[in-house]
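To start, the structure itself, in structure tokens.
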Amino acid sequence: QVQLVESGGGLVQAGGSLRLSCAASGRTFSSYAMGWFRQAPGKEREFVAAISANGGYTYYADSVKGRFTISRGNAKNTVYLEMKSLKPEDTAVYYCATAPRVRVGPAEAEGFYDYWGQGTQVTVSS
């Protein structure tokens, strides 16, 4: 059974940084694309970033481009989201997801992914 467990969330002041981690198990991690999404209170879940199976291709939402970096450590079965210059509007529950594909496909579509983690809360204070 595939399991994704996020960690690293917390409370940070605007302008600060956080690094989220997502540990995966239950499938050959290095063979699958991964993504990060977030959901703010009262809003729909939205795409944040995605990375191909070998880490060679990354894709970002315009709202985080230049501030967030997605990466992966295939030896550790972990995908990361480095977040810098955080803004109050980045406050959300952050979810990682895995897709049954090597390449990043329609990364912004939730249907591209087949397994999801439970999420980790990120709160950015002004």
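When a residue number appears, it is its place in the shown sequence, counting from 1. Computed from a predicted model, the values in this text were never measured in an experiment. Just the heavy atoms: all of them, side chains too, but no hydrogens, waters or symmetry mates, feed the values below.
- Residues passing the side chain to side chain donor-acceptor pair (under 3.5 Å) test with T91: none are found, sequence neighbours excluded.
- Checked against side chain to side chain contact (heavy atoms under 4.5 Å, CB included), A109 has the following partners two or more places apart in sequence or in another chain: P106.
- Partners of Y94 by ring pair (Phe, Tyr, Trp, His ring centres under 6.0 Å), not counting sequence neighbours: none found.
- Within the structure, the ring pair (Phe, Tyr, Trp, His ring centres under 6.0 Å) test picks out the following pairs touching residues 43-72 (sequence neighbours left out): F37-F47, F47-Y59.
- A donor-acceptor pair is defined here as one N or O able to donate and one able to accept, closer than 3.5 Å; such a pair exists between the side chain of T120 and the backbone of G9.
- Annotation: side chain to side chain donor-acceptor pair (under 3.5 Å) contacts of R67 (sequence neighbours excluded): D90.
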#### Entry: Audit row: L18, V122, side chain to side chain contact (heavy atoms under 4.5 Å, CB included) steps and yes/no
CA-CA 9 Å; L18 279 176; V122 172; 3.9 Å; yes
Output a table of donor-acceptor pairs, distance under 3.5 Å, between side-chain atoms of residues 24-35 and any protein atom two or more places apart or on a different chain; print 'none' if there are none.
residue : atom : partner : partner atom : Å
R27     : NH1  : T98     : OG1          : 3.1
R27     : NH1  : D114    : OD1          : 3.1
R27     : NH2  : D114    : OD2          : 2.8

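- K65 meets the salt bridge (charged side-chain N to carboxylate O under 4.0 Å, His left out) test with D62; sequence neighbours excluded.
- Contact detail for P88 and S126: the closest heavy-atom pair is CG-CB, 3.8 Å.
- Within the model, atoms CD1 of I51 and CZ of R103 stand 15.5 Å from one another, a figure rounded to the nearest 0.5 Å.
- Rounding to the nearest 0.5 angstrom, the gap separating the OH atom in Y115 from the SG atom in C96 is 14.0 Å.
- With sequence neighbours left out, Q118 forms a side chain to side chain donor-acceptor pair (under 3.5 Å) with no residue at all.
- Listed by first then second residue, pairs satisfying side chain to side chain donor-acceptor pair (under 3.5 Å) with a partner in residues 75-89 number zero, not counting sequence neighbours.
- Using a 4.5 Å cut-off on side-chain heavy atoms (C-beta onward), E110 and W116 make contact.
- Within the 4.5 Å cutoff, the side chain of I70 has heavy atoms near those of the V79 side chain.
- Taking all atoms of both residues into account, the shortest heavy-atom contact from S125 to L11 is CB-CD1, 4.3 Å.
- A single hydrophobic cluster is not seen to contain both V48 and V104; linkage of ILVMFWY side chains at heavy-atom distances under 4.5 Å, directly or through other members, places them apart.
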### Test side chain to side chain contact (heavy atoms under 4.5 Å, CB included) applied to T69 and L81, step by step
CA-CA 6 Å; T69 303; L81 186 68; over 6 Å; no
### Task
Take L20 and E6, measure what side chain to side chain contact (heavy atoms under 4.5 Å, CB included) needs, and give me the verdict at the end.
CA-CA 7 Å; L20 305 183; E6 301 95 336; over 6 Å; no
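- The hydrophobic clustering, which links ILVMFWY residues whose side-chain heavy atoms are closer than 4.5 Å, places M83 and W36 together.
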### Task
Evaluate the side chain to side chain contact (heavy atoms under 4.5 Å, CB included) criterion for residues R38 and E46: first the C-alpha distance (whole Å), next the side-chain angles of each, then the deciding distance (0.1 Å), finally the verdict.
CA-CA 5 Å; R38 66 186 182 185; E46 65 175 4; 2.6 Å; yes
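- With sequence neighbours excluded, no residue forms a salt bridge (charged side-chain N to carboxylate O under 4.0 Å, His left out) with R19.
- With sequence neighbours excluded, the residues that form a side chain to side chain contact (heavy atoms under 4.5 Å, CB included) with V93 are Y95, Q121.
- Scored by the side chain to side chain donor-acceptor pair (under 3.5 Å) test, R101 finds no partners at all (sequence neighbours excluded).
- Side-chain contact between P100 and F112: absent, with no pair of heavy atoms (C-beta onward) separated by less than 4.5 Å.
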